[in-house]
Amino acid sequence: MRRAHTVEQVRAAEREQMARLPEGALMQRAAAGLAVAVADLLGASYGARVLLLVGAGDNGGDALWAGAVLARRGVSVEAVLLAEQAHAEGLAALRRAGGRVVERAEARRPDVVVDGIVGIGGRPGLREAATAALAGLEDVPLVAVDVPSGVEVDTGRLDGPHVRADLTVTFGTLKVAHLVDPAAAACGVVHLVDLGLDLPGPDVEALQPDDVAALLPRPDEAAHKYTRGVVGVRAGSATYPGAAVLCTSAAVSGLAGMVRYLGSAADAVRARHPEVVVAEGRVQAWVVGSGGDADAEQALADALADGVPTVVDADALQHVRRGPGDLVLTPHAGELARMLGVERAEVETDQLGSARRAARELDAVVVLKGRHTLVARPDGAVRVTTSGVPWLAVAGAGDVLAGMVGSLLAAGLDPWDAASVGSWVHGAAAALASAGGPLSASRVADAIPETVRRLLT
Ligand SMILES: NC(=O)C1=CN([C@@H]2O[C@H](COP(=O)(O)OP(=O)(O)OC[C@H]3O[C@@H](n4cnc5c(N)ncnc54)[C@H](O)[C@@H]3O)[C@@H](O)[C@H]2O)[C@H](O)CC1
């Protein structure tokens with residue numbers, strides 16, 4: 001499990017650790033890890049050029065101390081100071097090692113830029129001096145210290161100009177901005193340097209393959225189709241029969257024991273999946289709404305009347321009301337904006353806050369689909385899905401996700417586990433189906449069994 005903590009949690013843990021260590025030891029650990037990461041990026045150190053952009057605080061101190069380590073390895077290190085003051089010990093160390101402080105205008109073109117402007121002490125946006133210093137370096141590989149300067153660390157929001165990093169070297173623990181978009185997309189590859197911090201429970205977390213494997217349902221020796229769970233699908237319409245096929249393609253991928261389908265696309269579903277039972281009957285979970293069009297409201301009412309966990313997708317989402325029952329809602333940003341009565345841009349800017357608000361207000365698990373899909377629980381717990389690929393942004397992908405989550409609900413996972421495991425497998429199946437290239441939603445559904453096999457063997 002990857003865990004991300006808030007600035008307050010990190011600072012408290014750092015204070016505890018600093019009390020146990022000699023003065024400055026934590027920063028030395030951080031700087032040493034940063035220097036190794038930059039050296040790896042440079043390849044050959046000797047004669048390479050590194051430009052440090054240094055802010056007023058300890059984030060700049062990390063950069064200066066790392067610069068001193070690199071300078072002792074033969075790297076040509078120059079530092080541009082962007083504030084009235086800079087970390088005194090770090091500055092002295094850099095100069096002792098042969099590094100130079102220069103004005104931006106006289107700095108030589110570097111092989112790597114190190115963003116030590118601000119870290120977890122920064123407010124969102126960039127000041128004029130930072131923006132000016134970054135100008136002209138857009139095509140130079142950039143390493144952010146702790147977090148890219150200008151992002152909102154605890155929410156993942158991007159309010160104003162910010163640094164876009166190729167690599168972010170962070171310390172002690174991940175921060176929320178490393179996992180939650182849109183800030184996560186500005187971090188590049190995130191490398192964590194361990195500081196030995198004693199940390200509380202995380203603010204957000206990201207399932208890893210071993211976590212998913214541990215949560216996936218497996219049939220035992222006595223299993224039969226009913227003990228493995230029956231998932232019902234009420235999806236598709238005369239306008240969108242294909243959504244029913246895609247939704248059942250994922251539901252029938254083998255994680256539940258049986259799939260029932262009720263709706264107007266029965267012929268298309270049966271033709272593609274003869275194992276799907278097109279008849280009324282008991283189910284342990286429903287999936288409603290994918291391609292539902294005008295049928296969605298009645299389909300939702302009929303499904304909710306059964307009082308079983310229900311995935312609500314697409315056209316059924318607008319009919320959801322807060323109420324009893326284990327609901328998993330699977331909106332994209334536009335659908336969530338309509339549900340919350342806000343602009344789409346607000347949801348895209350504050351994905352974490354929007355997902356948490358909807359989960360709390362509707363008393364449901366909310367899956368806010370995106371590059372890093374968020375899975376929010378009514379109590380505020382959030383998991384981030386990092387297994388996907390940009391190629392997954394295709395029509396029908398949401399239909400497949402809904403069917404996937406429904407099958408896990410029917411198999412007995414609780415709504416948060418079903419939604420976060422389903423989202424993770426959905427992303428991983430897309431990565432497998434993509435293999436670096438384009439894909440269709442059908443191929444994602446087809447890749448689910450192999451994705452699960454690779455997790456379980
Ligand atoms: N404390 C430790 O043991 C360790 C800290 N590490 C590094 O320290 C930074 C956090 O340092 P801090 O001094 O608290 O804040 P910053 O350096 O992030 O910010 C400094 C300063 O900058 C001003 N400021 C705020 N917003 C902006 C802005 N948008 N633009 C420019 N300047 C801004 C404000 O005055 C701030 O106080 C942490 O990220 C680590 O890099 C070590 O890594 C680990 C040990």
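Counting starts at 1 for both ligands and their atoms, following the listed order. All heavy atoms count here, side chains included; hydrogens, waters and symmetry mates do not.
- Those atoms of ligand 1 that come under 4.0 Å of a heavy atom in Gly57, given as number and element, are 13 (O), 17 (O), 20 (C).
- Formation of a donor-acceptor pair under 3.5 Å by the Asp326 side chain with backbone atoms of Pro309 is not found in this model.
- Within the 4.0 Å heavy-atom shell around ligand 1 one finds Arg11.
- Applying the 4.0 Å criterion to heavy atoms of Gly122 picks out, from ligand 1, the atoms 18 (O), 25 (C), 26 (N).
- Each of the following atoms of ligand 1 lies closer than 4.0 Å to a heavy atom of Asp62: 6 (N), 7 (C), 40 (C), 41 (O), 42 (C), 43 (O).
- Taking a cut-off of under 4.0 Å to the non-hydrogen atoms of Gly119, the atoms of ligand 1 that pass are 16 (P), 18 (O), 39 (O).
- Side-chain contact between Leu456 and Leu216 is present, with at least one heavy-atom pair separated by less than 4.5 Å.
- Salt bridge Arg108/Glu78: present, at least one basic N to carboxylate O contact under 4.0 Å.
- Ligand 1 has no atom lying under 4.0 Å from any heavy atom of Ala130.
- The protein atom (non-hydrogen) at minimum distance from atom 39 (O) of ligand 1 is Asp146 OD2, 2.7 Å.
- For the salt bridge (Lys or Arg N to Asp or Glu O under 4.0 Å) test, no residue two or more places apart in sequence or in another chain qualifies with Asp198.
- Here is the list of ligand 1 atoms found below 4.0 Å of a heavy atom in Gly125: 29 (N).
- Under 3.5 Å, the side chains of Lys369 and Thr330 contain no donor-acceptor pair of N or O atoms.
- Within ligand 1, counting atoms from 1 as listed, the ones closer than 4.0 Å to a heavy atom of Phe171 are 41 (O), 43 (O).
- With distances taken over non-hydrogen atoms, the option nearest atom 23 (C) of ligand 1 out of Glu14, Arg127, Met18, Arg15 is Arg127.
- Take Glu346 and apply the salt bridge (Lys or Arg N to Asp or Glu O under 4.0 Å) test, not counting sequence neighbours, and it matches no residue.
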